[in-house]
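Note: hydrogens, waters and symmetry copies are ignored here, and every other heavy atom, side chains too, is used. What you are looking at is a predicted structure, and each value in this text was computed from that prediction instead of being measured. Order of listing sets the numbers, starting from 1, for every ligand and every atom in it.
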Amino acid sequence: MNSKPIIVALDKPDFDSALALAKQLEPSLCRVKVGKELFTSAGPGVVTALHDIGFEVFLDLKFHDIPNTVAGACRAAARLGVWMVNVHASGGPTMMRAAREALGETAPKVPLLIAVTVLTSMDEAELAAVGVSKRIDQQVNHLTGIVNECGLDGVVCSAHEASAVKTYFSRLATVTPGIRLSEDSGDDQRRVMTPERAVQSGSDYLVIGRSVTGANDPVQQLKTIQQSISAVS
Ligand code: C5P
């Protein structure tokens, strides 16, 4: 287990509320994630502001477009100096190779490039509704194989699939949203797991949003989770 496995999702509607939340957290305890809501509202300036207060940023924009467009978006993300960026694996191997090649040009600071397999909000029925007849675990393994061949650094999957990913593709980092404390509601997430079990199941990075950001004292909640996962890793 790496020393800083928690990534807090700053799913806030604007710059000020995201910065206010980030300032309650500690860069020594976690990294932060900027997703579609915050980025669309606040723009690249929010990434710069988070860097300025010491955080490493996972830019979670899940690029899914034609190869040329995704390559350009990845280059733009690298210019922002983010720690991690992602694409959708279902964008296909040509798109993922284009993203990999684009980031190869961004040295010396190359962000980690990972790919979303099956969203943690999806269950078998949702997957079937978009025409995928495989079981979720089969589809995650299938897409992870392509991610591996394209030379990416890791996958986003649920913690339920992390151990299989680690068994077959040990070099890939596993980034797992859908983390819930035992007392929490699942909200819109379908494939959820507690932080301790996720780490025991092979998650390298835990993406945690509402379980931390919705707590009365987010930094205390973060410390409690960090201690509980340290105890099992
Ligand atoms: O609040 P919660 O812990 O459910 O937040 C999870 C975060 O992880 C959200 O920002 C969501 O966009 C993101 N995410 C996800 N499932 C994926 C990829 C990212 O839930 N497959």
Side-chain angles (χ1 to χ4, degrees), residues 5-14 17-18 21-22 25 30-42 46-47 50 55 57-64 77 82-91 96 112-124 126-127 130 132 136-137 139-144 147 152-162 164-165 172-199 201 203-215 218 221-222 224-226 229:
I6 300 175
I7 304 171
V8 175
L10 299 179
D11 290 329
K12 291 288 176 184
D14 54 48
S17 53
L21 171 60
L25 306 174
C30 66
R31 296 180 171 94
V32 292
K33 182 174 88 65
V34 173
K36 287 179 166 145
E37 179 184 10
L38 179 58
F39 193 81
T40 303
S41 158
V46 75
V47 174
L50 291 165
F55 284 100
V57 176
F58 168 18
L59 188 62
D60 178 27
L61 297 181
K62 302 186 181 70
F63 299 134
H64 189 172
V82 297
W83 164 71
M84 178 182 273
V85 64
N86 63 356
V87 300
H88 263 288
S90 51
M96 285 195 276
L112 291 169
L113 174 63
I114 63 169
V116 178
T117 55
V118 178
L119 292 169
T120 45
S121 55
M122 296 185 86
D123 56 18
E124 305 272 342
E126 286 277 325
L127 202 57
V130 294
V132 177
I136 284 179
D137 59 330
Q139 178 68 355
V140 170
N141 284 344
H142 175 72
L143 290 171
T144 302
V147 172
L152 275 62
D153 303 306
V155 291
V156 185
C157 60
S158 91
H160 294 272
E161 297 99 39
V165 169
L172 293 179
T174 47
V175 180
T176 62
I179 301 297
R180 287 292 179 276
L181 310 189
S182 40
E183 64 273 20
D184 288 344
S185 110
D187 303 306
D188 53 347
Q189 299 283 19
R190 292 288 167 269
R191 300 183 345 268
V192 300
M193 200 179 275
T194 63
E196 300 83 356
R197 279 199 57 217
V199 167
S201 303
S203 299
D204 295 315
Y205 296 102
L206 313 182
V207 175
I208 311 181
R210 286 161 285 188
S211 293
V212 167
T213 60
Q221 182 82 313
L222 194 54
T224 304
I225 296 172
Q226 178 68 58
I229 58 181

Would you please name every residue forming a salt bridge (Lys or Arg N to Asp or Glu O under 4.0 Å) with [X], sequence neighbours left out?
X	result
Arg191	Glu161
Asp153	Arg100
Arg210	Asp187, Asp188

Subject >> Heavy-atom closest contact (Ser17 atom, Lys12 atom, distance) >> reply: OG-CB, 3.6 Å

Original post:
Near ligand 1, which residues have a heavy atom under 4.0 Å away from one of its atoms?
Top reply: Ala9, Asp11, Lys33, Asp60, Lys62, Val116, Leu119, Thr120, Val156, Pro177, Arg180, Gln189, Val207, Ile208, Gly209, Arg210

Subject >> Reported CD1-to-OG1 distance for the pair Ile208 and Thr213, which is rounded to 0.5 angstrom >> reply: 10.0 Å

**OP:** Indicate yes or no: at least one non-hydrogen side-chain atom of Val140 is less than 4.5 angstrom from one of His160.
**Re:** no

